[in-house]
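By convention in this document, chain letters (A, B, ...) are assigned in the order of the sequence lines, proteins followed by strands, and residues within each chain are numbered from 1. None of the values given here were measured: they were computed from a predicted structure.
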Amino acid sequence: MSEADESAGEPSIPIEDTDEMSTVPLEVENLRKTFGGITAVDDVSFEVEKGSLTGLIGPNGAGKSTTFNLITGMHDPDSGTVRFNGEEITGLAPHEIANRGLARTFQIARELEEMTVLENMMLAPKGQIGETLWRSVTPGVRSDVQRQETQHLERVWEVLDFFEIDHLAEEYAGNLSGGQRKLLEMARALLTDPDMLLLDEPFAGVNPSLEKRLLEHVHELREQGYTFLIVEHDMDLIMENCERVIVMHQGRVLKDGTPAEVKQSEEVIEAYLGGEV
Amino acid sequence: MGVSETYARGRRLAGEQPFAIVVGLVAVWLVWFLVEGLVTGRIRVSNVLSYAWDGLLRGLIVGLAGIGLSMTYSILNFANFSHGDYITSGAFSGWAVTYLLAGLGEANIGSLLLVGAGGSVFGGALGIGITTSPLAVVVGMLIAGAASIGLALFIDRFVYKPIRDESGIALLITSVGVAFALRYIIVFVFGTDVRGTTSAGEVPRVSFYLIDGSFRINAHDITLLVVAVGLMLGVHLLLQTTKLGKAMRAMSDNEDLARITGIPTEQVIRATWIVGGGLTGIAGYMFVLWKGTLGFNDGWLLLLLVFAAVILGGIGSIYGAIAGGIVIGLTASMSVIWIPSEFGRAAAFFVMIVILLFKPQGIFSGRTTA
Amino acid sequence: MTETTLYDRFERVIDTDPKLVVAVLAVIYLAYIASGVAFGYSLRGQLNSLANLTFYIGVFGMLALALNLHWGYTGLFNIGIVGFMGIGVYVTAILAKPPVAQGGAAQVGGFGLPLGIAVIGGVFMAAFFGLLVGLPALRLRADYLAIVTIAFSEIVRFTMMSRTFQEFTVPDTVLGYDLAADTVGLGGGGGLILNYASPLEALLHALYLWEPYLGFVSFVQANLIANNPRPVVDGVVYGLLLLAVCGLYYWLLTWTGESPFGRVLKAIREDEDVANALGKDTNRFKLKSFVLGCALMGFGGILWYAGRGSITPPSFRPNITFFVWIALIIGGAGSNTGSFLGGAVFAALLYEGPRYIKNLIEVAFNLGDGPGNFGQAMAALGSLDPVPFVLYTLNSISELRLVIMGVVLIWLMHNRPEGMLGHRKETAASIDLSRPGGAKSDAAAADGGDQQ
Ligand SMILES: Nc1ncnc2c1ncn2[C@@H]1O[C@H](COP(=O)(O)OP(=O)(O)OP(=O)(O)O)[C@@H](O)[C@H]1O
Ligand SMILES: [Mg+2]
């Protein structure tokens with residue numbers, strides 16, 4: 001069980017070193033999922049490189065969220081494989097995948113309403129010894145739990161500062177605004193010490209200035225070594241910020257390339273102009 | 001498909017697979033035990049038939065009461081734990097009237113209206129039965145239905161309607177409060193004693209000799225069969241042919257959508273209570289006519305079987321509730337072939353638990369929603 | 001700023017809650033003492049009445065706390081409480097009852113083990129059945145879990161009543177051990193006679209306090225109650241013991257809740273998928289919470305029934321489950337202080353209270369005997385004589401009590417679903433979560449505002 005990192009005063013979130021620094025942390029192969037008659041994800045394959053910021057775009061119902069759900073174990077794929085850091089994770093339970101360093105946020109922010117922002121955040125760190133019941137209720141041992149909580153707490157406040165939501169710390173998460181919830185979700189996901197983050201429309205409902213700040217955060221984090229896969233509907237945002245873009249349409253990968261390549265692709269233009277949007 | 005599917009499923013189902021195998025083995029054992037018993041004569045064919053007949057009738061009652069529960073469960077989206085006490089309330093109201101009609105002049109009106117509380121009048125002494133006092137029985141049955149409808153509407157207006165938008169769990173907890181309040185009001189008025197209601201000796205019956213023993217059917221069996229099947233057909237026609245039926249089906253599928261498309265939801269809810277409440281009250285009345293005793297716990301004791309039926313049939317499905325009721329009735333009655341009779345009801349609960357665990361959408365789901 | 005925050009917290013957790021508990025208990029006890037005075041109770045009568053009250057405050061407090069772990073913290077809708085209580089006390093009885101040779105002819109015997117071991121066995125079995133039910137059922141929706149648990153508790157009751165399990169013959173030796181028992185069983189509809197030393201006596205013996213206790217009893221006899229003081233003193237001491245156990249439950253569950261473990265439970269209650277996505281193996285957490293709660297319910301059942309002369313299946317009808325739920329909802333699910341207070345208020349007002357009010361009215365107005373049934377009461381009412389109706393109502397108070405409880409539950413769900421203490425912010429962490437060092441000041445602004 002890893003102890004929480006003790007970092008210096010300034011607000012930055014250090015990433016844990018992984019031994020086998022795979023350059024392709026996420027590989028998705030021939031993923032497929034049907035719901036009743038609908039094929040939501042149809043033979044999808046792609047890779048995401050380490051330290052990259054990759055965009056995943058597509059019209060409504062293209063299968064982006066479902067792809068996320070398949071990668072993170074919320075749904076079992078009908079077929080296909082997902083590999084993370086070189087290890088096959090297909091069909092693992094969501095918590096097993098999360099514990100391997102693959103964190104996600106939800107399209108509709110799912111904060112824990114009747115818990116304060118602080119409680120939400122304190123939930124995230126991995127390897128909490130106090131999550132074992134007997135440790136938390138045994139006199140003497142409980143002080144170890146408290147010591148570790150104190151360490152986590154320091155980090156929690158750093159991250160709150162980093163996301164500039166520290167003034168909301170004691171607020172119930174259910175009382176936050178839509179944008180604040182998105183921030184909280186991202187902050188919470190970061191606290192799990194992931195190698196990679198899957199963000200499902202992190203900027204939806206977020207006002208432009210906040211969006212700008214969030215993007216700055218994302219770039220900052222990326223420079224620190226985190227890998228991002230982001231679903232987003234705002235084309236300009238994706239084209240400006242991502243080095244690679246994957247376009248999905250009707251459950252399939254339509255195009256996978258640099259923003260420039262994607263922009264010029266006839267299929268993409270057709271899908272977007274001839275399709276639902 | 002193929003390998004990775006098996007892999008993915010295998011991982012998650014690893015814990016369940018042994019259960020499925022156990023269930024399969026148990027089924028094989030049950031069949032073997034029955035066949036072997038019949039062949040060696042340890043189990044009598046006539047007895048098996050009697051159990052099945054008993055189970056079918058019990059199942060019809062459960063199914064009849066289950067229709068209302070299933071409809072409210074899907075349309076109002078909560079498990080109504082007071083449903084059992086609607087059954088009891090219907091039974092007591094109906095039987096009070098039956099006693100009154102059958103015993104007018106023979107005993108004082110108070111004792112009759114209290115269904116002979118404290119042993120003041122006995123149903124047997126009044127000669128109550130479908131052949132001996134048909135009018136009293138028919139009117140009592142109708143009153144039972146009407147009283148349950150009134151009760152259901154009254155409670156909905158003052159208890160459930162004000163918290164219509166709360167979660168299903170809040171409504172469930174509230175319904176537990178309703179259940180206890182109703183049950184003990186009944187105790188307050190009618191007392192705790194279980195009374196005999198019919199003159200068992202006077203009910204006409206026919207006896208068949210069947211291979212290795214006799215098999216009896218009495219007039220109340222037939223009455224129950226006719227009433228239950230008739231009402232079930234009526235509900236079927238109501239739902240299939242009327243506008244109201246369509247609206248109900250739409251609402252049980254998706255309430256929000258129904259509201260948007262202009263279906264007057266409160267009106268549909270009222271109709272649901274009327275149909276469900278009426279069937280429930282009549283089910284309670286027929287239950288008492290059929291078994292010949294009446295007590296304040298009758299509905300509660302039936303409630304879990306009704307839940308079992310509704311879950312088995314798939315919540316929201318009326319045909320499911322009927323079929324589920326029959327399966328549950330047969331389970332409760334026929335299980336005595338294999339296990340001690342005290343566990344008949346336990347066996348039905350056990351079937352329900354297994355269904356909840358492995359097929360919570362019910363075994364008849366995916367066909368019709370009505 | 002942080003100092004005030006810290007002080008607030010200190011006051012809230014260390015100071016206010018105990019004050020609140022003491023205040024509520026004081027009001028309850030004063031009311032009961034006052035009604036005792038009104039009845040003209042002797043000291044013995046007063047003590048008996050208070051001991052009885054304390055007993056119910058204790059058991060309902062305990063059970064509401066245990067249920068709070070399931071429902072308030074984890075969101076597990078358990079309405080099979082009485083089943084786990086029954087398992088606890090039946091197993092305890094079977095293990096502790098003397099072998100049949102010593103117990104009289106008609107009764108089944110037991111294993112004759114020391115009561116302490118028997119209690120551990122009972123709690124263990126309650127936990128084990130919790131595991132058995134929880135393992136498959138905890139992934140179900142809340143309403144399905146409710147149906148499964150209540151069906152389970154009814155199956156437990158049918159089993160207690162059944163002739164099949166009424167009596168077994170125990171082999172003379174099992175794996176080489178010579179067991180004392182000859183026949184054991186659940187006793188069927190007749191239940192079990194609990195012919196072993198009383199739990200209080202066993203406990204005092206174990207603590208080497210038996211002799212001092214007897215000394216205390218003779219002191220009471222010499223100075224306060226001359227005639228047979230043992231039952232009174234026993235009752236009072238047992239009541240206090242139950243309150244002490246409530247304290248233990250409170251402490252255990254508060255530490256459980258205010259810890260990373262409790263935080264995960266809370267997250268599961270709010271949104272299980274999120275907890276999962278954050279790497280928590282939610283099934284394990286739910287199972288642990290469920291099993292612990294079931295064990296505590298089993299122990300509650302033991303403390304309630306194991307000291308009686310006998311236990312019979314009708315005691316284990318779902319009514320008790322319903323009582324515990326009302327207690328929890330009165331107090332407010334999610335709060336341990338609220339749960340205990342809910343148990344106390346329920347016991348004093350709804351469970352025991354109506355009987356006292358009945359007695360008070362009977363003492364105040366000498367009304368004579370009531371009518372035998374509702375009809376006679378109504379007949380008199382028809383001829384404008386309300387007395388028989390009032391008397392009938394008073395005599396039916398034990399049934400009407402349940403009507404009142406039902407109505408109270410409905411009222412609470414309409415008007416105050418969060419319980420009498422209102423919404424409480426009980427932070428799920430083992431430490432104070434305010435900013436270490438208190439560098440920034442704007443954190444405290446949001447802090448003070450929304451607490452009740
Ligand atoms: N749990 C589910 N059950 C049934 N169908 C589903 C489920 N989840 C997704 N679908 C269907 O799968 C298809 C893909 O949905 P998905 O949510 O993945 O799209 P998306 O690309 O994220 O769209 P959006 O941009 O609107 O979020 C849709 O047709 C949707 O209706
Ligand atoms: Mg989506």
Side-chain angles (χ1 to χ4, degrees), chain B residues 15-16 19 73 78-79 81-82 108-111 113-114 117-118 120 158-159 162-163 166-185 187-192 297 300-301 304 307-308 311 339-340 342-346 348-350 352-353 356-358 360, chain C residues 71 75 77 79 133 135-137 139-148 150-152 154-159 161-165 188 283 317-319 321-322 325-326 329 372-376 378-379 392-393 396 398-414 417:
Chain B
E16 297 166 22
F19 277 107
Y73 206 154
F78 79 102
F81 271 80
S82 58
N108 87 10
I109 293 182
S111 314
L113 279 177
L114 292 181
S120 48
F158 292 102
V159 178
I163 50 171
E166 298 290 324
S167 70
I169 294 303
L171 282 156
L172 192 164
I173 295 173
T174 311
S175 78
V176 175
V178 174
F180 275 84
L182 274 183
R183 195 176 316 155
Y184 285 91
I185 287 174
V187 171
F188 177 65
V189 174
F190 296 99
T192 50
N297 251 334
W300 159 250
L301 292 177
L304 285 178
F307 265 121
I311 287 164
I339 57 174
E342 311 97 86
F343 290 106
R345 206 151 6 126
F349 293 174
F350 187 74
M352 167 179 77
I353 292 174
L356 272 178
L357 295 178
F358 295 104
Chain C
W71 174 241
F77 203 117
I79 51 173
V133 173
L135 211 51
R139 59 209 163 89
L140 296 177
R141 263 167 47 178
D143 50 346
Y144 290 175
L145 181 64
I147 291 167
V148 169
I150 197 167
F152 166 77
E154 286 287 84
I155 291 177
V156 168
R157 191 167 62 89
F158 299 153
T159 310
M161 284 194 298
S162 74
R163 265 168 281 121
T164 318
F165 293 102
N283 286 333
R317 279 202 292 232
N319 290 22
T321 302
F322 166 68
W325 267 92
I326 298 187
I329 287 171
N373 69 40
F374 186 75
Q376 290 157 15
M378 287 307 280
Y392 181 71
T393 307
S396 315
S398 61
E399 287 93 41
L400 283 177
R401 216 169 46 150
L402 279 111
V403 178
I404 297 170
M405 289 177 194
V407 173
V408 166
L409 184 58
I410 295 166
W411 185 87
L412 283 170
M413 294 310 290
H414 278 193

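Judged by distance alone, with hydrogens and angles left aside, the side-chain atoms of B:Glu342 form a donor-acceptor pair with the main-chain N or O of C:Arg163 at under 3.5 Å.
Between chain B and the residues C:Thr393, C:Leu140, C:Val403, the largest count of heavy-atom pairs under 4.5 Å involves C:Val403. When C:Asn319, C:Leu145, C:Ile329 are compared by the number of non-hydrogen pairs under 4.5 Å with chain B, C:Asn319 comes out ahead. Contact count versus chain B (heavy atoms, under 4.5 Å) is highest, among C:Thr159, C:Ile404, C:Leu135, C:Ile79, for C:Thr159. Ranked by non-hydrogen atom pairs under 4.5 Å with chain B, the options C:Leu412, C:Ile155, C:Ile410 are led by C:Ile410. For chain C, the option among B:Val189, B:Asn108, B:Leu113 with the highest count of heavy-atom pairs below 4.5 Å is B:Val189. Contact count versus chain C (heavy atoms, under 4.5 Å) is highest, among B:Ala179, B:Gly110, B:Pro162, B:Gly191, for B:Pro162.
Dense packing is recorded around CZ of C:Phe158, with more than 12 heavy atoms of other residues, nucleotides or ligands lying under 6.0 Å away. Counting heavy-atom neighbours within 6.0 Å of B:Ile109 CD1, excluding the residue itself, gives a total of 12 or less.
Residues B:Ile353 and C:Ala151 approach most closely at CD1-CB, 4.2 Å, considering heavy atoms. Summarising the geometry of C:His414 relative to B:Ile163, their closest heavy-atom pair is CD2-CG2, 3.6 Å, with the distance given to 0.1 Å.
Both the backbone and the side chain of C:Leu402 come within contact range of chain B, judged by heavy atoms closer than 4.5 Å. Looking at B:Leu356, both its backbone and its side chain come within 4.5 Å of chain C, counting heavy atoms on both sides. Looking at B:Phe81, the atoms closer than 4.5 Å to chain C (heavy atoms on both sides) all sit in the side chain, from C-beta outward. When heavy atoms are compared at a cutoff of 4.5 Å, B:Tyr73 approaches chain C solely by way of its side chain, counted from C-beta outward. With a 4.5 Å cut-off on non-hydrogen atoms, B:Leu182 does not touch chain C at all.
In this structure, the side chains of B:Ile173 and C:Trp325 come closer than 4.5 Å at one or more pairs of heavy atoms. In this structure, B:Phe349 and C:Val148 have side chains that are not in contact, with every pair of non-hydrogen atoms separated by 4.5 Å or more. Between B:Phe307 and C:Ile150 the shortest side-chain heavy-atom distance does not fall below 4.5 Å. No side-chain heavy atom of C:Met413 sits less than 4.5 Å from a side-chain heavy atom of B:Val159. Side-chain contact check for C:Glu154 versus B:Leu304: some heavy-atom pair is nearer than 4.5 Å.
Separation of atoms CD1 (B:Ile185) and OG (C:Ser396) is listed at 12.5 Å; rounding is to 0.5 Å. Taking CH2 from C:Trp71 and CD1 from B:Ile169, the interatomic distance works out to 5.0 Å, rounded to the nearest 0.5 Å. Note that CG of B:Leu172 is 4.5 Å distant from CZ of C:Phe77, once rounded to the nearest 0.5 Å. To the nearest 0.5 Å, the span separating CZ on C:Arg317 from CG on B:Asn297 amounts to 6.0 Å.
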| task | Would you please test B:Phe188 and C:Tyr392 for side-chain contact (heavy atoms from CB on, under 4.5 Å) and show each step? | result | CA-CA 9 Å; B:Phe188 177 65; C:Tyr392 181 71; 3.6 Å; yes
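By the ring-ring contact (aromatic ring centres under 6.0 Å, His included) test, C:Phe322 pairs with B:Phe180, sequence neighbours left out. Qualifying salt bridge (charged side-chain N to carboxylate O under 4.0 Å, His left out) partners for C:Glu399, counting only residues two or more places apart in sequence or in other chains: none.
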